[in-house]
Amino acid sequence: MVKITYNAARCKGCHYCVNACPKKCITLSGDTNNAGYETVKFNETECVACGSCYTVCPDYAIVIEKED
Amino acid sequence: MAERAIMKGNEALAEAALRAGCRFFSGYPITPQTEVLEYLSWRMYEVRGHMIQTEDELTGLHMLLGASLGGNRVLSTSSGPGFALFHEGMSYLCGCEIPAVLVDVQRLGAACGGIGVSQGDYEEVVHGGGNGDSQCIVLTPASVQEEVDLVQEAYDLAEKYRNPVIVMTDAIIGQMMEGVTLPDFKEHDINKYDWVYRPLKTNEMGKINAGWPGRSWTEQAKHLREKFASMQQNEQRWENVQVSDADVVCVAYGISSRVCKEAVKKARAKGVKLGLIRLVTAWPFPEKAFAEISKECKGILVVEMSIKGQTVPDVKLATKCGLSVYGYFSVDIVPDADIVVEIAEDIIAGTAQEV
Amino acid sequence: MAAKTFNIPTLMQGLPPHTACQGCGHGIAGRIIYEVIEEMGMSSNCVAFHDLACGANMLFAQKGNGFSGAHGRAIPTATGFKRTRPDMLVFSYAGDGATYSIGMQHTIHTALRNENITAIVVNNTNFGMTGGQMSPATLIGQKTTSSPKGRTAELNGNPIDITEVYSGMKIAYLARGSVDSVANINKTKAYIRKAFEKQMAGCGFSFVEIMAPCPTNWGMTALGSIKRMQDEVLKLYPVGEYIDGGAK
């Protein structure tokens with residue numbers, strides 16, 4: 001099971017994660033955070049915890065844990 | 001055991017820095033300072049320190065800033081045009097409050113000027129330490145022995161105030177040989193001060209220092225004003241020679257002050273009451289020295305090897321413009337003691353021109 | 001039990017968001033540096049010497065020792081520190097403006113001395129903090145606020161390629177990474193690791209250039225700036241290891 005902790009307040013809406021996800025399980029949320037950036041949402045069921053979104057995130061908004 | 005030697009001013013200064021615990025030098029050759037660099041190029045390694053001949057003077061300052069941040073006692077030396085390149089680093093040393101000892105062996109004139117002796121850097125060193133309210137303590141030795149003594153003291157002052165200290169000397173003091181007593185070697189512990197960067201203990205936050213204060217400018221200004229005021233109150237150094245009864249008081253530093261000392265003797269021998277205030281610190285300016293001047297004093301004679309007479313404004317401030325100030329500015333020629341006495345006589349006779 | 005976790009290094013945890021722009025490459029570059037430091041067990045035994053401006057964005061994104069000195073002088077400041085405390089991991093962190101323009105003399109002479117430090121350069125082909133002026137690394141044709149019609153060789157000279165400058169120099173390590181993709185980020189992390197390991201083994205000067213996007217000053221969206229990196233920038237400045245020297 002994959003647990004993604006997304007800190008939307010840190011997100012600056014670059015959407016590098018959306019671009020990097022090989023499973024296409026990150027999509028735009030349609031919401032904005034307090035800073036005015038458009039945030040994203042995660043489909044944890046499809047996620048394989050490859051770490052791509054974490055790797056490309058410049059703002060440390062994503063933590064991924066995979067439990068066996 | 002203190003050691004007696006006959007040494008060139010520049011070499012004695014270098015040796016004295018090592019004996020004060022300096023283990024890092026970074027600098028660039030320039031006449032008439034080069035002997036410091038040459039001497040340390042072999043001597044520094046005998047004491048297991050680091051000497052780096054840098055790509056320019058500016059680099060030397062930033063390198064020693066890093067070494068000082070690590071707790072080392074550091075030195076860089078230059079002259080005139082090279083010292084001009086120190087200013088960026090001086091401003092950082094002041095702004096980040098990092099101790100360092102720097103030396104300006106003054107040479108002649110603006111631009112390239114000449115390699116001969118002169119005292120034209122006073123305003124630059126004393127009042128122009130770098131952008132943005134930076135201020136260095138400035139020491140002015142007048143003999144090879146004093147180069148040794150003041151360099152030693154410079155390290156203690158630099159660390160006491162976390163501020164750069166400049167030894168402002170000149171081509172003659174730097175180049176001439178005199179007998180000196182060298183002090184014993186002091187060990188400097190690089191972990192002595194809290195502000196020094198070092199490996200962190202478990203869960204200890206790292207140190208962050210930068211070219212801007214980690215607090216509001218109001219707080220920073222208060223802190224620096226208090227620091228500068230404390231320097232001004234506690235660190236004025238001078239030598240008064242027969243000032244209390246003098247009709248004319250010379251004010252001079254470095255090589256010019258040695259001539260003035262001779263002039264005082266010559267003048268006194270013929271009944272002219274001449275005195276001397278010799279600056280040992282140019283900043284803080286030794287205002288306290290002027291309290292000894294008598295009410296009968298006819299005027300102050302500033303003797304300096306410069307074009308503009310750069311000490312004059314500070315003298316006028318120190319006396320609150322209460323005394324007439326005269327000048328003997330010899331630029332590229334060492335002042336003549338007999339001329340000093342002649343001008344003193346003119347001042348007493350009321351025939352001299354004020355500056 | 002968590003078998004696999006992706007989380008930022010301990011030294012970067014619990015801090016407010018850093019001050020870089022949307023999509024800025026500094027955030028990624030800074031993070032992989034501290035990942036390497038943590039993996040090497042050097043978190044409490046390192047000092048970062050930052051440049052001013054965008055190079056200093058990462059100074060407050062971490063809790064270890066950091067110093068931000070004068071523009072272009074991070075490399076000599078790191079040198080002085082490393083000579084004083086040779087057991088600590090010491091690196092400079094600066095941009096292309098600092099490293100190839102105002103600080104170019106240090107970039108050359110530190111390599112000539114083969115100084116035992118690591119220089120990390122984040123190259124976004126312009127001066128970021130001052131609003132996107134031309135830097136020595138700006139591409140021919142690239143529009144900046146000081147080359148409004150695009151850089152030309154005739155008017156502005158040619159862009160600098162550090163791998164050509166250092167070619168044949170006896171330094172310990174030279175590599176160029178990029179933060180444009182997961183693959184390149186992982187590669188860059190490996191380069192940084194190698195550079196740091198060479199330093200701790202006393203091999204001499206190691207230099208890692210990291211190509212990064214600057215969407216704000218390139219006048220692009222964040223994703224648009226990644227596309228530009230892949231289409232143009234990385235073609236002129238290819239990723240790879242260029243010098244892999246042995247012991248000092």
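Computed from a predicted model, the values in this text were never measured in an experiment.
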- request: Step through the shown structure and confirm whether more than 12 heavy atoms of other residues, nucleotides or ligands are within 6.0 Å of CG on B/D156.
  value: yes

query: Roughly how far, to the nearest 0.5 Å, is CD1 of B/I98 from CZ of C/F67?
result: 4.0 Å

query: Just how far is it from atom CZ of B/R23 to atom CZ of C/R83, taken to the nearest 0.5 Å?
result: 15.5 Å

- request: State, with a plain yes or no, whether a side-chain heavy atom of C/K63 is found less than 4.5 Å away from one of B/L200.
  value: no

task: Go through the atoms of C/R85 and report whether side chain, backbone, both or neither lie under 4.5 Å from a heavy atom of chain B.
output: side chain

task: Mind checking the CG-OG1 spacing from B/L64 to C/T79? Nearest 0.5 Å is all I need.
output: 12.0 Å

- prompt: Would one find more than 12 heavy atoms of other residues, nucleotides or ligands at under 6.0 Å from atom OH of B/Y39?
  reply: yes

- prompt: When heavy-atom pairs shorter than 4.5 Å are enumerated against chain B, which of C/T10, C/V47, C/T84, C/N65 gives the highest number?
  reply: C/N65

Neighbour count >12 (heavy atoms, 6.0 Å) for atom CZ, B/R215: yes

- prompt: Counting distance only, does the side-chain N/O of B/Y197 pair as donor-acceptor with the main-chain N or O of C/G66 below 3.5 Å?
  reply: yes

task: Please lay out, stage by stage, how C/R73 and B/L61 fare under the test side chain to side chain contact (heavy atoms under 4.5 Å, CB included).
output: CA-CA 10 Å; C/R73 317 292 171 222; B/L61 266 264; over 6 Å; no

message: Quick check: do B/H62 and C/H106 have side-chain heavy atoms less than 4.5 Å from each other?
response: no

- request: Kindly check if the number of other-residue, nucleotide or ligand heavy atoms within 6.0 Å of NZ (B/K186) is above 12?
  value: yes

- prompt: What part of C/L52 lies closer than 4.5 angstrom to a heavy atom of chain B: side chain, backbone, both or neither?
  reply: side chain

query: With chain C, which of B/D56, B/T202, B/V74, B/I52 has the greatest number of heavy-atom pairs at distances under 4.5 Å?
result: B/I52

From C/I75 atom CD1 to B/M63 atom CE, the distance as rounded to the nearest 0.5 Å: 10.0 Å

query: Which atom pair, heavy atoms only, marks the closest approach of C/G69 to B/Y92?
result: C-CE2, 3.4 Å

message: Which heavy atom of C/A56 sits nearest to which heavy atom of B/W212, and what is that distance?
response: CB-CH2, 4.1 Å

- prompt: Quick check: are there more than 12 heavy atoms from other residues, nucleotides or ligands sitting under 6.0 Å from CG of B/N203?
  reply: no

field: CG on B/N72 to CZ on C/F81, rounded to 0.5 Å
entry: 10.5 Å

Exceeds 12 heavy-atom contacts within 6.0 angstrom, atom CG of B/D194: no

- prompt: chain B heavy atoms under 4.5 Å from C/A70: which part of the residue, side chain, backbone, both or neither?
  reply: both

message: Under 4.5 Å from any heavy atom of chain C, what part of B/I208 do you find: side chain, backbone, both or neither?
response: both

Pair C/R113-B/E55, side chain to side chain contact (heavy atoms under 4.5 Å, CB included): steps then yes or no: CA-CA 11 Å; C/R113 282 195 311 271; B/E55 46 270 36; 3.2 Å; yes

field: From CA spacing to verdict: side chain to side chain contact (heavy atoms under 4.5 Å, CB included), B/T59, C/H109
entry: CA-CA 10 Å; B/T59 310; C/H109 285 270; over 6 Å; no

